[in-house]
A.B. asks: 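Dropping a structure here in structure tokens format, bear with me for questions.
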Number of protein chains: 2
Amino acid sequence: MEEIKWDARGLVPAVVQDERTRDVLMVAYMNKEAFDLTLETGKAHFYSRSRNKLWLKGESSGHTQEVKSVYVDCDNDTILLVVDQKVAACHTGFWSCFYRVWDKGWKIVGKKAFDNEKVY
Amino acid sequence: MEEIKWDARGLVPAVVQDERTRDVLMVAYMNKEAFDLTLETGKAHFYSRSRNKLWLKGESSGHTQEVKSVYVDCDNDTILLVVDQKVAACHTGFWSCFYRVWDKGWKIVGKKAFDNEKVY
């Protein structure tokens, strides 16, 4: 079995896609512990590069990601999680973190799923 | 307008999603030049970290990506390209680079779109 190629920091990027809508929701980073915990628990775990710690997605908001499938890419250095996203992926209140599209500048086109001032 | 936050190497990851099938095809990296050329030409350009050079996706295979929409994430450090993928995204011949799924080991589940020994 070909193993995941962790980078110099022990991380790989993980793309998260919602199973039902097929929307790309976010990209976060995993270390081996986050990867193993994701497989073990069926809930997406990541490693925060800014806080230097493991996190369970949704640990503060309750907006967890139930993992349906885990893919690896041809280079063994990127993960794709297909998930059932609860409520919304983005801490800003948008369903997807990719809520702005380029149109001679970044224009908001995403949908707000919750009021982020009430959740955090 | 909030600007893209290029990392210490001047790069950001870019997720590529096919518009028609909504499949996640690949993740590659962009520098500012690749981003600008992508907007200018409507064809996906990336920066190769291994070859240290700009590349037009499909420059050797002809399997270009016609860019339909360009999104940025909430942190301004990840791009999502929604594209019309010609033939296949992966140099291995698979439609998507994410052709292996975890099932007590990596199992091939993707579809071969072309014979990679004949194209490269």
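Basis for what follows: all heavy atoms, side chains included, without hydrogens, waters or symmetry-related copies. Each chain gets a letter, A, B and so on, in the order its sequence line appears, and its residues count up from 1.
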A.B. asks: Under a single-linkage definition using a 4.5 Å side-chain heavy-atom cutoff for Ile, Leu, Val, Met, Phe, Trp and Tyr, are B:Val72 and A:Trp102 assigned to the same hydrophobic cluster?
C.D. replies: yes

A.B. asks: Looking at A:Lys107, I'd like to know if its NZ atom is crowded, meaning that more than 12 non-hydrogen atoms belonging to other residues, nucleotides or ligands lie closer than 6.0 Å.
C.D. replies: yes

A.B. asks: Could you measure the distance from the CG atom of B:Asp73 to the SG atom of A:Cys90? Nearest 0.5 Å is fine.
C.D. replies: 7.5 Å

A.B. asks: When only heavy atoms count and the cut-off is under 4.5 Å, which of residues 12-20 of chain B reach chain A?
C.D. replies: B:Pro13, B:Val15, B:Gln17

A.B. asks: Test of understanding: clusters of I, L, V, M, F, W, Y form through side-chain heavy atoms closer than 4.5 Å, transitively. Do A:Leu56 and A:Leu11 belong to the same one?
C.D. replies: no

A.B. asks: Sequence neighbours excluded, which residues qualify as ring-ring contact (aromatic ring centres under 6.0 Å, His included) partners of A:Tyr47?
C.D. replies: none

A.B. asks: Could you please state which residues from residues 76-87 of chain B sit under 4.5 angstrom from chain A, measuring non-hydrogen atom to non-hydrogen atom, sorted by number, or 'none'?
C.D. replies: B:Asn76, B:Asp77, B:Thr78, B:Ile79, B:Leu80

A.B. asks: Measure the shortest side-chain to side-chain distance between A:Cys74 and B:Tyr99 over non-hydrogen atoms and say whether it is less than 4.5 angstrom.
C.D. replies: yes

A.B. asks: Does A:Val70 reach the side chain of B:Phe98, with side-chain heavy atoms less than 4.5 Å apart?
C.D. replies: no

A.B. asks: Quick check on the structure: residues of residues 21-45 of chain B within a heavy-atom distance below 4.5 Å of chain A, by number.
C.D. replies: B:Thr21, B:Arg22, B:Asp23, B:Val24, B:Val27, B:Tyr29, B:Phe35, B:Leu39

A.B. asks: As an exercise, state the distance from OG of B:Ser96 to OH of A:Tyr71, rounded to the nearest 0.5 Å.
C.D. replies: 8.5 Å

